[in-house]
Amino acid sequence: MARSMAYQALDKISSEEISAVGVPADEAEQLHVALGEIIKKHGASGPATWREISSRMLTPEQPFALHQMMYYGCYRTYASSTPPAWIPNLDDAVLTNIGRLLEKRGKEILGSGYKDPISSFSEFQKFSVSDPEGYWSTIFEEMEIKFSSKSSCILCEDASYPGGKWLCGAFLNSASNCLNVKKGGSFDDAALVWRDEGCDDMPLNFMTLKELKAQVCHVANALDTLGLEKESAIAIDMPMNPIAVIIYLAIVLAGYVVVSIADSFAPAEISTRLNISKTKAIFTQDYILRGEKELPLYRKDEYIAVEQPAEAFTNVLFSSGTTGEPKAIPWTHATPLKAAADAWSHMDIHKGDVVCWPTNLGWMMGPWLVYASLLNGASIALFNGSPLGHGFAKFIQDAKVTMLGLVPSIVRAWKNTNCTAGLDWSNIRCFSSSGEASSIDDYLWLMGRAKYKPVIEYCGGTEIGGGFVTGSMLQPQALAAFSTPAMGCHLYILGSDGKPLAEDAAGIGELALDPTFFGASTTLLNANHYDVYFKDMPIWNGKQLRRHGDEFERNKERYYRAHGRADDTMNLGGIKVSSVELERIFNAVNGDVVETAAIGVPPSGGGPEQLVVAVVLKDQNQETETLEKLKLEFNSALQKKLNPLFKVSSVIGVPALPRTASNKVMRRILRNEFSQPNKRAKF
C-alpha cells in the first residue's frame with residue numbers, strides 16, 4: 001500500500017512517537033511495551049500482528065491517528081495491495097450460519113475434502129454455482145421458507161429465460177414468510193425497534209412479531225375494501241418507519257404490488273414513477289389516498305395470505321437508465337429469498353440479531369432490510385430522523401444493533417464530526433456497506449468504533465435483488481474491497497477483446513454475470529429486458545452473459561474493487577442516476593449554456609463518486625466567478641427538480657465536448673481527464 005510508506009515500520013516506532021499523535025505519555029509507554037510483545041510473538045508485519053494489535057491495543061477512545069499509525073505501520077512492507085483489516089478465527093466461524101451448516105453437512109455437500117468452514121468456504125461458493133438445485137434447496141430449508149405448493153424443480157430450462165426459470169410451479173407469499181415464527185423463536189420476540197429523532201434519552205419503542213402480524217393484517221383487510229383487483233399497484237411514498245414497514249408487508253400479503261417511491265423525490269419524479277407503474281392507490285402516511293378519498297386503517301386481527309406463483313410481482317422499484325427515464329424493475333416472490341439468503345450467507349444474520357440500515361423503501365435496500373431481517377428471524381432497527389448525527393449513533397448503542405449497514409458518505413460525516421465519541425458499539429458483529437465506493441481511511445475509522453469488527457462490502461443492484469460480489473465472515477476482509485462473488489453467482493471480468501479473463505487472472509474490465517442467477521430480474525415494465533441486460537454481450541460456455549455495467553478489478557489475491565460505471569450511469573450518494581437526466585436539467589438553467597456533460601468522478605483518495613459538470617458556454621472567455629455562479633444555479637435546479645440529496649462538486653468550462661463519429665458524447669474521456677487532480681484544480 002502506497003499510503004503505508006508514509007508511516008514508520010512498527011519496530012521503529014517509539015513511545016514518544018505514540019505520544020505525539022495525542023496519546024498521554026504514560027499510556028503511550030504502556031502501548032509501546034504491548035507493541036513490543038506483539039512484535040516479538042508475531043513479527044513486525046502481517047495479518048497475525050494486525051489482528052493482535054487491533055484486538056489488544058486499540059480502543060475507540062484513542063486518537064484515530066494512533067489507529068492509522070498501527071495499521072499502516074503494520075502493513076508498510078506487506079506485499080499485497082489488499083492487506084486484511086479483519087481475520088476470522090475458527091471458534092467464531094463454526095458458529096456462523098454457513099459454519100453450522102458445513103460442520104453438520106460439509107462432507108456430504110463438498111465431499112471428503114471438506115476441512116473446516118474457513119478453509120472450505122471458497123469450495124462452498126463454487127458448489128452454490130455448480131449445483132443450484134442442491135444449494136438453494138438447502139438454503140430454503142435452513143431459512144425455514146414455507147411454500148404452499150413446492151416447485152417441481154428449482155431450476156428449469158426455459159428458452160424465454162436466458163439463465164433458466166426458477167421455482168417452477170412453486171406458490172408462496174414472501175410477506176407471510178416474514179410473519180412466521182422461526183425455530184427456537186416466539187411471537188413475543190421483537191420484530192421492530194425504533195426511536196424518533198430528538199428523543200435520545202427516551203426509552204426505545206418495540207413491536208413484537210405478534211403485534212406486527214396483527215397490524216399487517218389490519219392494513220391488508222383495509223386494502224381489500226378498496227375494490228382493487230389483485231396484483232394492482234399500490235404506491236408507498238413515506239419515510240422508512242414502522243408504519244411504512246407494516247404497509248409494505250400488508251400490500252404483499254394481500255396479493256397486491258408495492259410501488260416503491262423514495263420520499264426525497266421531487267413531485268415530477270414521483271409522477272413519472274406513478275405513471276410508469278400504473279399505480280391505483282398511494283400511501284402517504286397512516287391512511288390510503290385514492291383519488292380524493294382517504295381511507296383510515298381499521299383493526300381486524302386475521303388475514304389469510306394470498307399465495308401466488310413465485311414469479312408473481314410483489315414490488316416495483318426504479319433504477320436509472322441511460323435514456324433519462326427510470327427503469328421500472330419488478331420484484332417477484334423469489335426476489336426476497338435472494339435478499340434474505342445474501343444476508344444469511346454473507347452478513348450472517350440470524351435469530352437474535354438487530355439489523356439497522358438507514359434507507360428508504362424507494363431504494364432496494366429498504367425492501368432488502370425488511371426481508372433480510374424478518375425472513376431470518378432478526379429484528380429491524382429504525383431511526384426516524386437523520387442518520388448523520390449523535391442521535392442516530394446513540395440509537396445504535398441503545399438498540400444493541402448487531403449488524404449495521406450504511407453508505408460511505410454517512411461514515412465520512414460521522415468521522416468528520418466524531419459524533420460516535422463516548423458510545424458503546426460493542427454489540428456490533430459486523431458492518432455492511434453498499435451504494436458507492438468506500439474509503440480505506442474512513443472504514444478503518446469505522447471498524448475502530450466497534451473494536452475492529454469486519455465491514456462486509458456488498459455490491460449488486462435493484463435488478464438483482466441483492467449482491468453479486470461481497471464479503472464473508474469466513475474470509476479475511478480487506479478495506480474497500482470484496483472478497484468473494486455472492487453465493488449462487490458466477491461473475492466474469494471482460495478483457496479488451498470482450499471475452500472473460502481467466503478465472504485466476506488479475507485484471508480490470510467490465511463486469512458480466514452468468515445468467516443463471518437466482519433472484520435476478522427477467523422483465524422490465526418500460527423497456528426491453530433483453531436489450532438492456534443481454535444484447536451484444538458475449539456467449540460463454542454456451543450461455544449469453546448478463547450485463548451489469550460496472551467496471552471491476554480483480555487482483556492477484558482474488559480481491560475485487562469497483563471502478564465506477566462502465567456506461568453513462570453514475571452513482572451519487574448511493575443512488576444510480578443517468579447523465580442524461582442530469583444534463584437535461586443543467587442545459588435549461590440559463591441561456592449562456594450551450595451544452596453540458598455530467599460525469600461521476602471518484603476522488604483521488606477513494607470514496608463516493610463526485611458529480612462534475614463539463615459545460616460549453618456561448619462566451620468561452622468567462623471568468624472563474626461565472627463558473628462558480630453556474631455551480632450554484634446547477635445545484636439549485638438539480639435539488640429542486642430531481643433530488644435534494646444530489647450535489648454538484650465542480651463545474652469545468654470546456655471549448656467542446658468530445659464526441660464519436662456518430663455524435664455521441666464520449667463521457668469516459670472526460671471522466672478519465674477529470675480524474676486527474678491537477679486538471680480539476682484548474683477550475
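The aromatic rings of Phe127 and Phe124 lie parallel to each other, their planes meeting at an angle below 30°, with 60° marking the opposite boundary. Between His529 and Phe534, the ring-plane angle classifies as tilted under the 30° and 60° cut-offs. Note: Phe552 and Phe482 have tilted aromatic rings, judged against thresholds of 30 and 60 degrees for the angle between ring planes. In this structure, Trp136 and Phe518 have tilted ring planes: the angle between them lies in the 30° to 60° band. Below 30°, between 30° and 60°, or above 60°: for His490 and Tyr492 the angle between ring planes is below 30°, a parallel geometry.
A donor-acceptor pair under 3.5 Å links the side-chain atoms of Ser120 to the main chain of Lys115, judged by distance alone. Without hydrogens or angle criteria, Asp342 side chain to Gly467 main chain gives a donor-acceptor distance under 3.5 Å. With Gln477 contributing its side chain and Pro84 its backbone, the two residues share no donor-acceptor pair below 3.5 Å. Using modelled atom types, no side-chain atom of Glu553 and backbone atom of Tyr560 make a donor-acceptor pair closer than 3.5 Å. A donor-acceptor pair under 3.5 Å links the side-chain atoms of Gln125 to the main chain of Ala486, judged by distance alone. Judged by distance alone, the side chain of Thr96 and the main-chain N or O of Gly99 form a donor-acceptor pair under 3.5 Å. Looking at Arg554, its side chain never comes within 3.5 Å of a backbone N or O of Ile493 through a donor-acceptor pair. With hydrogens and angles disregarded, no donor-acceptor distance shorter than 3.5 Å links the side chain of Ser176 to the backbone of Asn173. A side-chain donor-acceptor contact under 3.5 Å links Thr516 to the backbone of Gly163. Using a distance-only test at 3.5 Å, with no hydrogens or angles considered, no donor-acceptor pair links the side chain of Asn555 to the main chain of Ala506.
For the residue pair Ser439 / Asp441, no side-chain donor-acceptor distance below 3.5 Å is found, with atom types taken as modelled. Remark: the Asp353 side chain and the Ser379 side chain contain no N/O donor-acceptor pair separated by less than 3.5 Å. No hydrogens or angles considered: nothing links the side chains of Thr335 and Asn315 as a donor-acceptor pair under 3.5 Å. There is no side-chain donor-acceptor pair under 3.5 Å between Glu311 and Thr332. Under the 3.5 Å distance criterion, with hydrogens and angles disregarded, a donor-acceptor pair is assigned to the side chains of Ser521 and Arg546. No hydrogens or angles considered: nothing links the side chains of Ser319 and Glu463 as a donor-acceptor pair under 3.5 Å. Ser174 and Asn177 share no side-chain donor-acceptor pair at under 3.5 Å. A donor-acceptor pair shorter than 3.5 Å can be found between the side chains of Glu457 and Ser438. Side-chain contact of Ser472 with His346: a donor-acceptor pair under 3.5 Å is absent, judged by distance alone. Counting only N and O atoms by type, the side chains of Ser112 and Lys107 include no donor and acceptor under 3.5 Å apart. Between the side chains of Gln544 and Tyr530, at least one donor-acceptor pair of N or O atoms lies under 3.5 Å.
The SG atom of Cys356 lies 5.5 Å from the CG atom of Leu404; values are rounded to the nearest 0.5 Å. For the atom pair Lys126 NZ and Thr484 OG1, the distance stands at 10.0 Å (nearest 0.5 Å). Remark: Leu545 CG to Arg547 CZ distance equals 10.5 Å, nearest 0.5 Å. Distance CE/Met403 to CG/Asn427: 14.5 Å, rounded to 0.5 Å.
Shown here for Ile98 and Ser345, the closest heavy-atom pair between the two residues is CD1-O, 3.4 Å. The two residues Met447 and Phe431 have their closest heavy-atom pair at CA-CE1, 4.2 Å. The minimum heavy-atom distance between Met537 and Ala512, with the atom names listed, is CE-CB, 3.6 Å. Nearest heavy-atom pair across Leu491 and Phe468 is CD2-O, 3.5 Å. Of all the heavy atoms in Arg561 and Leu479, the pair that sits closest is NH1-O, 3.1 Å. The two atoms that bring Leu374 and Ala191 nearest to each other are CD2-O, 4.0 Å, heavy atoms only.
In this structure, Val252 and Tyr371 have side chains that are in contact, with non-hydrogen atoms separated by less than 4.5 Å. The closest side-chain heavy-atom distance from Thr314 to Val257 is not below 4.5 Å. Within the 4.5 Å cutoff, side-chain heavy atoms of Ile380 are placed close to those of Leu369. In this structure the side chain of Thr470 reaches within 4.5 angstrom of the side chain of Ile456, judged on heavy atoms.
Atom CD of Glu503 has more than 12 neighbouring heavy atoms from other residues, nucleotides or ligands inside a 6.0 Å radius.
One finds a salt bridge joining Arg429 and Asp348 here, because a Lys/Arg side-chain nitrogen approaches an Asp/Glu carboxylate oxygen to under 4.0 Å. A salt bridge does not link Arg100 with Glu103: every distance from a Lys NZ or Arg NE/NH1/NH2 to an Asp or Glu carboxylate oxygen is 4.0 Å or more. Salt bridge absent: Lys146 and Glu307 never bring a charged side-chain N and a carboxylate O closer than 4.0 Å.
Legend: residues meeting salt bridge (charged side-chain N to carboxylate O under 4.0 Å, His left out) with Asp442, ordered by chain and number and at least two apart, are Arg412, Lys415. Under the salt bridge (charged side-chain N to carboxylate O under 4.0 Å, His left out) criterion, Lys453 pairs with no residue at all, not counting sequence neighbours.
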* Start with the C-alpha gap between Trp331 and Phe313, add the side-chain angles, then the distance that decides, and say whether ring-ring contact (aromatic ring centres under 6.0 Å, His included) holds. => CA-CA 6 Å; Trp331 278 20; Phe313 295 170; over 10 Å; no
* To do: Quick one: do Cys168 and Cys153 satisfy disulfide (SG to SG under 2.5 Å)? Show the steps, please.
  => CA-CA 6 Å; Cys168 305; Cys153 60; 4.0 Å; no
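Tested against Trp368, the residues Trp363, Tyr248, Tyr458 include a single ring pair (Phe, Tyr, Trp, His ring centres under 6.0 Å) partner, Tyr458.
Aromatic ring centres of Tyr161 and Trp166 lie farther apart than the 6.0 Å criterion allows.
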